Amino acid sequence: MSEREIRLRLPDGSERRVPAGTTAREVAQSIGARLAKAALAAKVNGEVVDLDRPLQEDAEIRILTFEDEEGRAVFRHSSTHVLAQAVKRLWPEAKLGTGPALEDGFYYDIDLPHAPSEEDLARIEEEMRRIVEADYPIVREEWPREKARAFFLERNEPYKVEIVDDLPPDATISVYRQGEFVDLCRGPHVPSTGRIRHFKLLSVSGAYWRAKEGNPVLQRIYGTSFERKEDLEHFLWAREEAKKRDHRRLGPELDLFTFHEEAPGFAFWHPKGWIFYRELERLSREVQERHGYQEVRTPYIYRAELWKTSGHWEHYRDNMFLTEREDEVFGFKPMNCPGHCILYKEKIRSYRDLPLRISEYGPLARCERSGALHGLLRVRGFHQDDAHLFVREDQIEDEIRDVIEIVDEIYSTFGMRYRIVLSTRPEDYMGELALWEKAEAQLAQALQSLGRDFRLNPGDGAFYGPKLDFYVTDALGREWQTATVQLDFQLPVRFDLHYVDRDGQERRPVMIHRAILGSIERFAGILVEHFAGDFPLWLAPVQARVLTVTDEVKGYGAGVRDRLKAAGLRVELDDRSEKIGYKIRQAELEKVPYMLVVGRREAEAGLLAVRSRRGGDEGAMPVEAFAATALERVRSRAL
RNA sequence: GCUGGCGUAGCUCAGUCGGCAGAGCGAGCGAUUCGUAAUCGCUAGGUCGAGGGUUCAAGUCCCUCCGCCAGCUCCA
């Protein structure tokens, strides 16, 4: 047998020669014992494979560990097999569906006679622990189609049989074996069950087989797993913490907003919540005015004719609130763009008028399906920090750069980081190919010129234009899609928009839909959770509360409150005949940033004693000195 | 919209086998005049989500609807 050699290129650029047939595991071992121990799978020429896969050709290879997104996916995927094995041991009649990895966990859809209870989950976990202890090797086998089909048929796994039957004729059919358990699976997997040491089953819900209504409902068992115990513990802590700061609990508790069944999907903003909401709008207006945006307010109900022109009638009608009057159908606007197109058309536009930036904070309504509603995060009635930019083709790049600067200004104010995803032309695109390519190049160029990393999501754009989506990360590490920049080549055609170019010719502008906070309602909900209701001073509905120690200083307290109010702070007075500790406790629970204690000492010296929610007792100071510091924090929107 | 679960005082929850609707917190009133996270006492507070049914009797059992929750789905 000839000892053929192959060349492997490692991520650090180095190259090494090994005999053909060397496994990824052996490569990892040759790199280092630590890496070999951490190795979960390997990425060979872009394909994620088992560590035991023999390498036959020259390749780029990367050993995947839990630090890699793909490594985690393999780890979680193997976790689902441990889960499935445990369930099959406890309920042999269970029929397995599919069990993929999620971003921070996994699930397995299983046909069980009854929904597993909390106790059942505990039993499954116990069984999983035994499987992990046993440390079964996870072994890949490739089978002929008929063998796989017969095997799963015989084991009474109709869903698996269905998957086998649906695989393309030329597909390699692989199964993975661990102990007595065999699952149809493309893989790859971690080397043995002993790797899945730290896991937790989280919840159960129903899910249709293959996500198709009408199909049988399987029990979807959710769980998560980590390589390190601390990471699992941190994950579970963050989950608990998320529950605690759920905006649906904190909102009413802090008297910000409520929901009522009389108007599902629409928020009632209370006085305190509305102060917070308006501060968000104010920030948006400030930034956008500086960037040359012009705010307008357009109608919220239009004749159906308008929605036919815009294409919403065809594509979005199911999500619209429609109403009929005098034999005519009207629709409440789900978006501002058609109204802004009407504004654009009012005049003949010159190339000099562009870019034209029209912003609006008006009410929007989308009839989200009842099951989709979720506090402020998914509502039917909302407002966006919306704007439509009408630009020449050659202005796209500059304009995108300007939008990204706005995004920066706004998100840095909240101390939130974000990442950008560029989605490009889908298969069913409309419009000219040349325009698409030019626009996509400008989007990428804008990002590159600002030195921004971004992920490419090829083919995920809308049929009318490519887009940028922004995902912000909150204090618990959760990601939220908020800002979006959407190029639109179709609406200008539908509304027959044009401008007169330098040469006197009429040309088609490109429209850019963009929102930075997105739905302000939704963003408000995200912020409540991000700050756990503990808002920075500029957002706090009540910025300071004057607390009197005894009744004899009521008058002084009222005076202090009035002076601070006059200075421009949002201040309340608590002069009830309660003990100071009680008043402080209450103010703390209401998350008031500054508690200003006034007793006889302060009254005599003309001072106030500052206690800040974050810093505790900060000592006494003159009223005006406090006002000046506080106002400066508000002005700078300090965190 | 679909699957499953839930709905009792402002909030959190208890309510057994169908047999007089409860607690804590909060609220109101009164007393207390106190120095950095809970002073004491008294009082009020309910269409048990809505409608229908079974029963001598329904918070409890059955049906329909509404809302909420976990998912699915959707997200021109």
Side-chain angles (χ1 to χ4, degrees), chain A residues 102 107 109 114-118 202-222 243 246 248-249 252-253 255 258-265 307 310-320 334-335 337-338 366-375 378 426 428 430 461-465 467 469 481 484 486 488 490-491 494 513 518-519 522 547-554 575-592 594-603 608-613 615-620:
Chain A
L102 301 171
Y107 67 79
D109 284 344
H114 67 284
S117 61
E118 285 289 317
L202 301 170
S203 60
V204 182
S205 75
Y208 298 103
W209 166 239
R210 296 199 154 173
K212 257 234 218 41
E213 249 170 63
N215 276 351
V217 173
L218 310 186
Q219 305 300 327
R220 175 166 294 182
I221 302 178
Y222 285 88
K243 245 185 253 172
D246 191 323
R248 290 168 298 180
R249 174 206 292 254
E253 218 169 273
D255 201 17
T258 46
F259 284 91
H260 296 275
E261 62 181 79
E262 286 81 353
W307 302 113
S310 70
H312 287 84
W313 196 255
E314 188 186 340
H315 297 290
Y316 204 68
R317 183 166 32 152
D318 287 348
N319 276 302
M320 288 178 62
M335 301 172 197
C337 27
R366 298 181 185 173
C367 193
E368 301 291 351
R369 294 161 79 171
S370 53
L373 300 178
H374 185 89
R378 191 58 162 253
D428 61 344
M430 289 183 74
F463 66 81
Y464 51 86
K467 64 174 176 178
D469 285 316
Q481 198 264 307
T484 177
Q486 174 77 64
D488 193 334
Q490 282 310 302
L491 222 46
R494 285 182 167 274
H513 313 253
S519 151
R522 177 176 143 89
L547 311 177
T548 53
V549 178
T550 61
D551 286 351
E552 67 174 341
V553 295
K554 271 183 171 186
D575 61 359
R576 294 172 302 168
S577 305
E578 297 286 353
K579 291 167 74 167
I580 193 67
Y582 179 79
K583 296 187 193 182
I584 285 172
R585 175 179 160 78
Q586 201 155 333
E588 289 278 0
L589 290 176
E590 291 174 35
K591 315 254 186 208
V592 178
Y594 286 112
M595 286 147 277
L596 309 173
V597 177
V598 295
R600 186 185 301 180
R601 292 204 296 268
E602 288 75 18
L608 45 73
V610 178
R611 178 194 165 95
S612 82
R613 188 187 47 194
D617 195 343
E618 294 180 8

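Just so it is clear: chains get the letters A, B, ... in the order the sequence lines come, proteins before strands, and each one is counted from 1. Since the structure is predicted, the reported quantities are computational estimates derived from the model, not experimental observations.
- More than 12 heavy-atom neighbours from other residues, nucleotides or ligands sit within 6.0 angstrom of CZ on A:Arg576.
- Residues passing the salt bridge (charged side-chain N to carboxylate O under 4.0 Å, His left out) test with A:Arg522, sequence neighbours excluded: none.
- Among the protein residues, A:Glu590 comes within range of no part of the nucleic acid, since none of its heavy atoms lies under 4.0 Å from any strand.
- When heavy atoms are screened at a 4.0 angstrom cut-off, A:Ala609 is found touching base atoms of the nucleic acid.
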Q) Taking protein heavy atoms under 4.0 Å as touching, what does nucleotides 64-71 of chain B look like 5' to 3' if B marks base contact, S marks sugar-phosphate-only contact and - marks none? A) --SSSSSB
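- Residue contacts for A:Arg317: at a heavy-atom cut-off of 4.0 Å it reaches no nucleic acid atom on any strand shown.
- Applying the side chain to side chain donor-acceptor pair (under 3.5 Å) rule to A:Tyr107 yields the partners A:Arg220; only residues at least two apart in sequence or on another chain are considered.
- Residue A:Val592 comes nearest to A:Met595 through the heavy atom pair O-CE, 3.8 Å, listed as atom of the first residue, atom of the second, then distance.
- Donor-acceptor pairing under 3.5 Å, judged by distance alone, is absent between the side chain of A:Glu253 and the base of B:G10.
- For A:Thr550, taking side-chain heavy atoms from C-beta onward, the closest of the listed nucleotides B:A27, B:G35, B:U33 is B:U33.
- In terms of heavy atoms, A:Arg248 sits closest to A:Gly375 at CG-CA, 3.8 Å.
- Evaluation of the salt bridge (charged side-chain N to carboxylate O under 4.0 Å, His left out) rule for A:Arg378 yields A:Glu368 as partners, not counting sequence neighbours.
- In the set B:U32, B:A38, B:G35, B:U32 carries the atom at the smallest distance from any side-chain atom of A:Ser577.
- Residues that satisfy the ring-ring contact (aromatic ring centres under 6.0 Å, His included) test with A:Phe463, not counting sequence neighbours, are A:His315.
- Within the nucleic acid shown, A:Gly311 comes within 4.0 Å of at least one base atom, counting heavy atoms only.
- Within 4.0 Å of A:Asp488, counting heavy atoms only, lies at least one base atom of the nucleic acid.
- Nearest to the side chain of A:Tyr582, among B:A37, B:C74, B:U39, sits B:U39.
- With rounding to whole Å, A:Arg576 atom CZ is found 8 Å from B:G28 atom P.
- Using a 4.0 Å heavy-atom criterion, one finds that A:Gln219 contacts no nucleic acid atom at all.
- When the side-chain nitrogen and oxygen atoms of A:Arg611 are compared with OP1 and OP2 of B:A37, one or more of them lie within a distance under 4.0 Å.
- Between B:U36, B:C74, B:A27, one nucleotide has an atom nearer to the side chain of A:Asp617 than all others, and that is B:U36.
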Q. Once Watson-Crick and G-U wobble pairs under 3.5 Å are found, how is RNA chain B written in dot-bracket notation, 5' to 3', with | for any base paired to another strand?
A. (((((((..((((.....[..)))).(((((.......))))).....(((((..]....))))))))))))....
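- Residue A:Lys554 comes nearest to A:Thr548 through the heavy atom pair CA-CG2, 4.2 Å, listed as atom of the first residue, atom of the second, then distance.
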